[in-house]
Amino acid sequence: VYSFSQHCEICYSGDFCMKKIALITDGWGRYVTYTWIQGYRNYMAAHQSDMDLYIFQSFGNFSMDEKHNAGEYNIARLPDFSEFDGILLDLATVSQPDLIAEIIERAKLSNIPAISLLEQIPGLYHSGIDNYKAITRIVEHLIAEHGCRTLNFIGWPEFNSENQLRFKAYRDALLRHGMPFDEQRVIHHNYEIETGIQAFSTFKAKNLLPDAFVCVNDNTAVGVCLAAKEAGYSIPGDFLVTGFDNEDKASYYEPRITTVGFSKADIMENALLMLEKIWNGNAEETYIYAPFTYVFQESCGCVSQNPPDRGEYVIKRIVAAARQSDMQNWMMDLNRVLLDCAGYTELAGRMQNWLTKHGCGNIYLFMNPDIFMNENMDALPELPEDTYLIEGYPGEMALVYPPLEGTNHLHLNLKEILSLPQTETAGRQNIYQFCPLHFREREIGFLIITNCDYLLEHQFLFETLNALQTSMEALY
């Protein structure tokens, strides 16, 4: 039971304090889920609520190096949830089930309101969509409107709860219509186009090509369409395909892919609304659903209603290509600026100057004190193995940047670290991006970037952090 008195709006000093919301989120490959940021900004603009968002961002499902991924995921262990007023968990793409269980358990033990985004997790509040209802209608449509009698399911990892609900809806719909459920017609893998390609090849090799493919997202649906075309089949001529998410690739592909559309920004806004209801003691439900829409298109034999103009997509791609070129030029410039630094403090100072040019606020660089102290030594000693933490962070971290007046690289605990950015950005709603710094699985610290919306919106964060980490490792 959450007690509002645990986290009041008045600091002990008497000053007004913003509520602190922790968001644990993993990237989609090299990309952040910028729609979470859009939802937060939309809600703040509409409600002027006193909430700061602290994002603990990993890119842990991108590399083939599992030790690197472990170093990324370690940032999820940094926050002490009891220091926050609310917790938001976006764990849908986290690839380590044990870590997911660990994060959920810590959230439950914190006695702080915790809301799972997208996924339904027992014991937590939930903001998402009704996945079961959404897939049920899709399968019913394929059976009732198009006469499909064999349907194959291509899903995400089996431990993902969204995937579980969508799979259950698929299986239940088959049984309601007296159609046998065949495990051989089900493949669970990951979220990428390659999953659809491989699944199609597997079904074809087993002589199990169906009347329709029910894909758990648009990526896998595109993969099925690509593999089918390569093998000489046509869609919807030989079989039907459906996706989920209504990303650009669904409506701009040929054929246009039947899908389910929803807004993650709406899901974030609903989560923040639910937090305020919990704090005010008037939360009537433990879940809140955002609306979704069915988009029936050519891939299932339907005619698209009000399809988007493919010319607009071409324009978007041209603009995106220009931004990608800009990013590559900027990264070359950033690498040049960082690689000839003589120390970590200088490195962070140059990073701050570069980020300021690109619309970001202040940065704060924290390092493992035992590693940072070696910067000023003439001969690097042999550091014991336990200096490098693989799980978690030291109780206190060295503030490398910015240098604070009258101090010599403060050692701060998490509570002090959380309050530090607020002293410079009080009076507005802020986003603090916490990013892990590590040598493969070994933590060396983390970077906080304030209000870096531009980097996030245009997907420059991964490359920026990679440039910083490469320079730190070279310096070390």
Side-chain angles (χ1 to χ4, degrees), residues 18-28 31-59 75-76 79 81 84-94 100 103-104 107 112-121 124-131 134 160-162 165 191 217 244-248 260-280 283 285-293 428-435 449-459 461:
M18 302 290 282
K19 293 187 181 68
K20 299 182 180 72
I21 311 301
L23 168 61
I24 306 295
T25 182
D26 191 27
W28 187 290
Y31 304 108
V32 299
T33 305
Y34 180 67
T35 41
W36 297 145
I37 311 301
Q38 288 179 312
Y40 169 80
R41 294 297 192 199
N42 291 346
Y43 189 86
M44 292 302 108
H47 298 269
Q48 290 300 310
S49 299
D50 303 309
M51 302 183 216
D52 284 340
L53 186 62
Y54 294 72
I55 304 176
F56 297 86
Q57 174 76 56
S58 59
F59 296 98
I75 195 69
F81 289 141
F84 293 86
D85 300 283
I87 305 164
L88 304 176
L89 301 180
D90 168 26
L91 306 178
T93 61
V94 175
I100 292 173
I103 294 170
I104 293 170
I112 301 299
I115 300 176
S116 174
L117 305 176
L118 299 175
E119 294 188 276
Q120 290 180 317
I121 297 175
L124 300 184
Y125 293 94
H126 173 234
S127 178
I129 65 168
D130 190 336
N131 283 283
N160 179 279
S161 67
E162 282 187 289
L165 283 169
Y191 316 90
N217 71 346
F244 204 104
D245 292 336
N246 197 23
E247 295 180 345
D248 280 351
V260 177
F262 66 96
S263 167
K264 289 182 180 177
D266 287 348
I267 290 173
M268 171 58 87
E269 291 184 58
N270 283 345
L272 297 174
L273 175 63
M274 178 175 278
L275 279 177
E276 294 214 278
K277 287 183 176 181
I278 295 169
W279 295 330
N280 295 330
E285 302 286 352
T286 60
Y287 66 90
I288 184 168
Y289 286 149
F292 59 84
T293 58
R428 57 168 293 189
Q429 296 92 354
N430 297 286
I431 295 176
Y432 305 112
Q433 195 88 18
F434 285 68
C435 307
I449 315 177
T450 62
N451 299 315
C452 59
D453 295 48
Y454 187 84
L455 285 186
L456 299 173
E457 181 180 2
H458 300 298
Q459 301 296 346
L461 181 63

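Each residue takes its place number in the sequence, starting with 1. A quick note: this is a predicted structure, and the numbers were derived from the prediction, not measured.
- Interatomic distance, CE of Met274 versus OG of Ser127, reported as 6.5 Å (0.5 Å rounding).
- Looking at His47 and Leu272, their side chains never come closer than 4.5 Å, going by heavy atoms from C-beta outward.
- In this structure the side chain of Phe244 reaches within 4.5 angstrom of the side chain of Asn131, judged on heavy atoms.
- Side-chain contact check for Met268 versus Leu88: some heavy-atom pair is nearer than 4.5 Å.
- The line from CD1 of Ile100 to OG1 of Thr93 is 8.5 Å long, rounded to the nearest 0.5 Å.
- Remark: the backbone N or O of Ile115 is not paired with any side-chain donor or acceptor of His126 at under 3.5 angstrom.
- Minimum interatomic distance between Phe56 and Ala22 (heavy atoms only, all atoms of both residues): CE1-CB, 4.1 Å.
- Between Gly86 and Trp279, the shortest heavy-atom distance links the atoms N-CZ2, 4.4 Å.
- Taking the six-membered ring for Trp and thresholds of 30 and 60 degrees, Tyr54 and Phe434 have ring planes inclined between 30 and 60 degrees apart.
- Annotation: the span from Ser116 atom OG to Leu89 atom CG amounts to 6.0 Å, rounded to 0.5 Å.
- By the 4.5 Å heavy-atom criterion applied to side chains, Ile55 and Leu53 are counted as neighbours.
- For Tyr125, the OH atom counts as loosely surrounded, since its 6.0 Å shell holds 12 or fewer non-hydrogen atoms of other residues, nucleotides or ligands.
- A side-chain donor-acceptor contact under 3.5 Å links Asp90 and Trp36.
- Annotation for Ile278 and Ala283: closest pair CG1-CB, 3.8 Å, computed over non-hydrogen atoms.
- Every residue two or more places apart in sequence or in another chain was checked for a ring-ring contact (aromatic ring centres under 6.0 Å, His included) with Phe262, and none qualifies.
- The side chain to side chain donor-acceptor pair (under 3.5 Å) test applied to Glu119 returns Asn160, Ser161, not counting sequence neighbours.
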Inset, instruction - Could you check Arg41 against Asp453 for side chain to side chain contact (heavy atoms under 4.5 Å, CB included), going step by step and ending with a plain yes or no? - result: CA-CA 10 Å; Arg41 294 297 192 199; Asp453 295 48; 2.9 Å; yes
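- One distance of note links CD1 of Ile431 with CE of Met44; it measures 9.5 Å at 0.5 Å rounding.
- Annotation for Asn217 and Tyr191: closest pair ND2-O, 2.9 Å, computed over non-hydrogen atoms.
- Taking a 6.0 Å sphere around OH of Tyr454, one finds it holds more than 12 heavy atoms contributed by other residues, nucleotides or ligands.
- The OG1 atom of Thr35 sits 10.5 Å away from atom CG of Asn42, with the distance rounded to the nearest 0.5 Å.
- Side-chain N or O atoms of Thr33 include none that pairs as donor or acceptor with a backbone N or O of Trp28 at under 3.5 Å.
- No donor-acceptor pair under 3.5 Å is formed between the side chain of Glu457 and the backbone N or O of Tyr34.
- Contact record, Ala92 with Glu162: CB-OE1, 3.9 Å, taken as the closest heavy-atom pair.
- Between Lys19 and Leu275, the closest side-chain pair of non-hydrogen atoms is not below 4.5 Å.
- Between the side chain of Tyr287 and the backbone N or O of Gln120 there is no donor-acceptor pair closer than 3.5 Å.
- Interatomic distance, CG of Leu461 versus SG of Cys435, reported as 5.0 Å (0.5 Å rounding).
- Between the side chain of Asp52 and the backbone N or O of Asn430 there is at least one donor-acceptor pair closer than 3.5 Å.
- Side-chain contact between Phe81 and Ile24: present, with at least one pair of heavy atoms (C-beta onward) separated by less than 4.5 Å.
- Contact annotation: the side chain of Leu117 approaches that of Leu23 to within less than 4.5 Å [non-hydrogen atoms, C-beta and beyond].
- Of the possible donor and acceptor atoms, one in the side chain of Asp85 sits under 3.5 Å from a partner among the backbone N and O of Lys20.
- With contacts defined as side-chain heavy-atom distances shorter than 4.5 Å, the pair Leu91/Ile104 qualifies.
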